[in-house]
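Keep in mind it's a predicted model, so treat the numbers as computed, not measured.
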Amino acid sequence: MDWNNDGKVDLVAGDSRGHVWLFLNVGTKQEPKLAEGVLLKAGGEPIVGTAPRYEKGQDGNYHFVPNTNVLMGIYSKIHVGDWNGDGKKDLLVGQDGPGGQSMLLCLNVGTDSEPVLAKPTVLELPGPPLARPSPYLVDWDGDGLQDLLCGTEHAEVYFFRNIGSRQHPKLAGGVRLALAGGEFDRGYRCRIAVTDWNNDGKLDLLVGNFYSHKEPAGGNIWLFLGK
């Protein structure tokens with residue numbers, strides 16, 4: 001996406017440590033060349049993840065210790081989009097949070113061409129609970145409001161309909177999309193993108209996943225055409 005509105009496509013990426021990186025295009029639109037990545041900031045601080053902590057219990061096993069004082073976790077899955085309808089780029093981060101927070105929102109308090117991200121806040125999803133959700137903002141049902149799609153760690157993608165307004169989104173409970181084909185249900189760690197793949201005016205869904213049931217282990221990209 002074009003982070004700084006200079007007409008060139010840049011790259012924003014999360015990583016397994018929970019960091020979020022910006023790679024600006026210092027080449028051209030036709031021949032992109034990415035600069036060295038820099039950590040995006042939110043609330044004036046670099047977006048850096050915090051690994052979960054485990055303590056050994058009396059039973060000899062290690063148990064997860066929640067830390068609600070820290071928001072940024074690990075395995076950041078990100079999407080840049082206009083969450084609140086003000087025409088500016090915001091940042092959604094799906095993650096494995098140290099206190100159980102699975103989705104964070106960083107609103108843009110700058111401008112669209114010079115984004116300044118506010119301190120992350122927890123975006124409460126109405127359910128079902130999702131493991132490391134991969135967010136994507138899109139008007140999925142064509143009602144003019146931005147909805148939320150989420151890939152998961154399983155072979156599942158959920159649709160959270162916006163039942164609020166453009167400026168004040170409110171999400172309904174997640175509905176699992178009916179996705180089937182080949183061995184799709186045997187993959188996991190689904191990451192998603194929405195596009196009109198075949199230019200028929202309908203939204204199509206791309207799902208990248210991890211697949212370890214064959215050697216060598218790898219991943220697939222699945223295309224689900226809109227009907």
Side-chain angles (χ1 to χ4, degrees), residues 1-5 10-24 37-54 64-138 145-153 158 160 162 164-172 174 189-193:
M1 44 78 62
D2 186 355
W3 178 255
N4 53 1
N5 289 0
D10 310 302
L11 177 66
V12 181
D15 67 18
S16 61
R17 296 172 296 172
H19 304 356
V20 179
W21 299 88
L22 169 64
F23 300 85
L24 287 176
V38 295
L39 287 168
L40 273 183
K41 292 184 178 181
E45 299 293 332
I47 301 178
V48 175
T50 301
R53 188 166 66 90
Y54 295 85
F64 172 66
V65 180
N67 183 357
T68 56
N69 295 320
V70 178
L71 291 183
M72 294 303 307
I74 56 176
Y75 293 104
S76 294
K77 278 78 57 184
I78 59 100
H79 183 70
V80 177
D82 183 4
W83 169 256
N84 55 359
D86 62 358
K88 299 186 293 188
K89 306 177 187 75
D90 306 308
L91 176 69
L92 283 171
V93 183
Q95 62 168 12
D96 187 352
Q101 312 95 335
S102 65
M103 187 72 69
L104 300 179
L105 171 64
C106 301
L107 289 175
N108 182 1
V109 294
T111 66
D112 195 48
S113 57
E114 296 183 2
V116 177
L117 299 178
K119 184 179 179 180
T121 59
V122 177
L123 178 60
E124 298 287 354
L125 298 179
L130 304 181
R132 301 175 183 173
S134 177
Y136 198 99
L137 287 174
V138 62
L145 302 178
Q146 289 273 55
D147 307 305
L148 179 65
L149 293 186
C150 283
T152 73
E153 284 295 277
Y158 283 85
F160 294 87
N162 182 2
S165 66
R166 179 73 170 158
Q167 291 73 28
H168 301 283
K170 180 180 179 181
L171 300 177
R189 294 181 185 170
C190 290
R191 306 293 173 256
I192 61 176

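The backbone N or O of Trp83 lies less than 3.5 Å from a partner atom in the side chain of Asp90, making a donor-acceptor pair. Although no hydrogens or angles enter the test, the distance criterion places no donor-acceptor pair under 3.5 Å between the side chain of Lys88 and the main chain of Pro115. A donor-acceptor distance shorter than 3.5 angstrom exists from the side chain of Gln101 to the backbone of Val70, with no hydrogens or angles considered. Checking side-chain atoms of Asn4 against main-chain N and O of Ser113 turns up no donor-acceptor pair under 3.5 Å. When atom types are taken as modelled, the side chain of Lys170 and the backbone of His168 share no donor-acceptor pair closer than 3.5 angstrom. Side-chain atoms of Asn84 do not come within 3.5 Å of backbone N or O of Gln167 as any donor-acceptor pair. Side-chain atoms of His79 never come within 3.5 Å of backbone atoms of Ser134 as a donor-acceptor pair (strictly under, hydrogens ignored). In this structure, Gln95 contributes its side chain and Gly73 its backbone to a donor-acceptor pair below 3.5 Å.
Smallest separation of non-hydrogen atoms from Pro52 and Phe64: CB-CE1, 3.7 Å. When all heavy atoms of Asn108 and Val116 are compared, the pair lying nearest together is OD1-N, 3.0 Å. The two residues Asp10 and Trp3 make their nearest non-hydrogen contact at OD2-N, 2.9 Å. Minimum heavy-atom separation, Tyr158 to Leu130: CD1-CD2, 3.7 Å. Cys150 and Pro135 get closest at one heavy-atom pair: SG-CA, 4.2 Å. Asn162 and Pro169 make their closest contact through OD1-CA, 3.5 Å (heavy atoms, listed as atom of the first residue, atom of the second, distance).
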Check the pair Trp21, Val12 against side chain to side chain contact (heavy atoms under 4.5 Å, CB included), reporting the backbone distance first and the verdict last. CA-CA 6 Å; Trp21 299 88; Val12 181; over 6 Å; no
Side chain to side chain contact (heavy atoms under 4.5 Å, CB included) for Leu125 and Leu148? Distances and angles first, verdict last. CA-CA 10 Å; Leu125 298 179; Leu148 179 65; 3.7 Å; yes
For Arg17 and Ile74, run side chain to side chain contact (heavy atoms under 4.5 Å, CB included): C-alpha distance rounded to whole Å, both residues' side-chain angles, the deciding distance at 0.1 Å, then the answer. CA-CA 5 Å; Arg17 296 172 296 172; Ile74 56 176; 5.5 Å; no
Take Ile47 and Leu91, measure what side chain to side chain contact (heavy atoms under 4.5 Å, CB included) needs, and give me the verdict at the end. CA-CA 11 Å; Ile47 301 178; Leu91 176 69; 3.7 Å; yes
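Using a 4.5 Å heavy-atom cutoff, the side chains of Asp82 and Leu137 are not in contact. At a threshold of 4.5 Å between non-hydrogen side-chain atoms, the residues Leu24 and Leu22 count as touching. Between Leu104 and Val122 there is a side-chain heavy-atom pair separated by less than 4.5 Å.
Rounded to the nearest 0.5 Å, atoms OG1 (Thr152) and CZ (Arg191) are 8.0 Å apart. The distance from the CG atom of Leu149 to the SG atom of Cys190 is 12.5 Å, given to the nearest 0.5 Å.
Judged as a side chain to side chain donor-acceptor pair (under 3.5 Å), and not counting sequence neighbours, Arg166 has no contacts.
Within the structure, every pair that satisfies the salt bridge (Lys or Arg N to Asp or Glu O under 4.0 Å) test and touches residues 93-118, not counting sequence neighbours, is listed here: Lys89-Asp112, Asp96-Arg132.
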